[in-house]
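Let me begin by presenting the structure, written as structure tokens, before commenting on it.
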Amino acid sequence: MLKTAPLRESDLLVTLYTETHGRITAVARGARRSQKRFAGGLQLLVLGRFQLGRRPRGDLWALEGVDIVRDWTQLASDVVAVAHASYVAELVGALLPAEVPDADALAMVIALWDSLAEAGPSPGALRAVELALLDIGGHRPALDGCAACGNNELGAGAVFDPSRGGAICRSCAAGSRGAGIRPLDPATLAYLREVAVLGAPGAARAVDTDPRFAPSDRTAARDAMIAMVQQLVGKPLRSLEFIAKLGAAGRRNEREGS
Ligand SMILES: [Zn+2]
């Protein structure tokens with residue numbers, strides 16, 4: 001279960017990522033009035049078996065009922081965990097085509113929820129999910145060679161250019177102009193490559209404490225991935241703005257010693 005939104009007076013529009021149909025949108029009739037029929041299943045962080053009605057003439061699916069299989073809703077009291085889960089839900093909506101099932105995408109969402117429940121929010125875990133969903137959506141950023149010429153030499157002078165597909169070598173960097181382009185430090189590149197190698201969110205959290213990487217590498221890697229996502233989506237993601245606000249509030253609290 002990825003998202004719900006009010007629909008008309010009494011219905012909810014729900015977004016699901018399903019094993020059989022991929023990402024779908026369904027109407028849960030009457031769910032704004034009573035969710036008894038859906039047994040607490042209409043919320044983020046729930047994995048369930050959803051009974052879907054047939055679509056009359058290509059209209060929306062109808063959601064008839066839910067059996068909860070697993071839920072991670074105990075995370076609801078952790079605002080940062082919920083923000084990370086919401087961001088990933090928004091990424092699934094923005095990067096993956098509707099109604100194209102992909103088992104890896106479903107597994108990645110569940111792996112992130114597991115990782116949040118086991119060890120809390122992690123920037124490394126979030127980068128792993130971003131990379132995986134970009135890959136599944138056909139937009140894997142180039143990290144091993146220049147996206148323009150294939151040159152493996154990505155040392156000094158390399159940039160990250162989301163509109164050209166990722167890392168760009170020094171010689172090709174002159175052709176990079178426009179929004180979202182940023183210098184690509186070798187350590188930032190190493191950080192992103194390490195996340196890609198680790199793969200799963202639970203494993204990728206190792207980069208959070210890896211002594212080879214400084215906090216500035218983490219920030220630069222995040223900004224590069226977000227630039228890639230924004231370039232593809234073409235509009236700001238609401239959940240990202242929320243995470244940024246949480247981050248700013250956290251830094252303020254640290255300064256004030258609370
Ligand atoms: Zn090049």
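Note that these values count all heavy atoms, side chains included, but never hydrogens, waters or copies made by symmetry. Keep in mind the model is a prediction, meaning the values are calculated, not measured. Just follow the structure's listing: the first ligand is 1, and inside any ligand the first atom is 1.
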ask   = Can you list every ring pair (Phe, Tyr, Trp, His ring centres under 6.0 Å) pair that touches residues 8-32, not counting sequence neighbours?
value =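 Sorted pair list: H21-W61.
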
#### Entry: Summary of ring pair (Phe, Tyr, Trp, His ring centres under 6.0 Å) pairs that have at least one residue in residues 151-194, sequence neighbours excluded
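Listed by first then second residue: Y191-F213.
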
- Message: For E130, is there an ion pair with R127 - N to carboxylate O distance below 4.0 angstrom?
- Response: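 A salt bridge links R127 with E130.
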
Pair K3 + E90, salt bridge at N-O below 4.0 Å
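No, no charged N to carboxylate O under 4.0 Å.
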
- prompt: Tell me, which protein N/O/S atoms are under 2.8 Å away from the Zn ion (ligand 1)?
  reply: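 Listed by chain and number, the nearby protein N, O or S atoms are C146 SG, C149 SG, C169 SG, C172 SG.
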
Under 6.0 Å from the CD atom of E241, do we count more than 12 heavy atoms belonging to anything else shown?
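Count over threshold, so yes.
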
With sequence neighbours excluded, tell me which residues meet ring-ring contact (aromatic ring centres under 6.0 Å, His included) with Y87.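 If we apply the ring-ring contact (aromatic ring centres under 6.0 Å, His included) test to Y87, skipping adjacent residues, there are no hits.
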
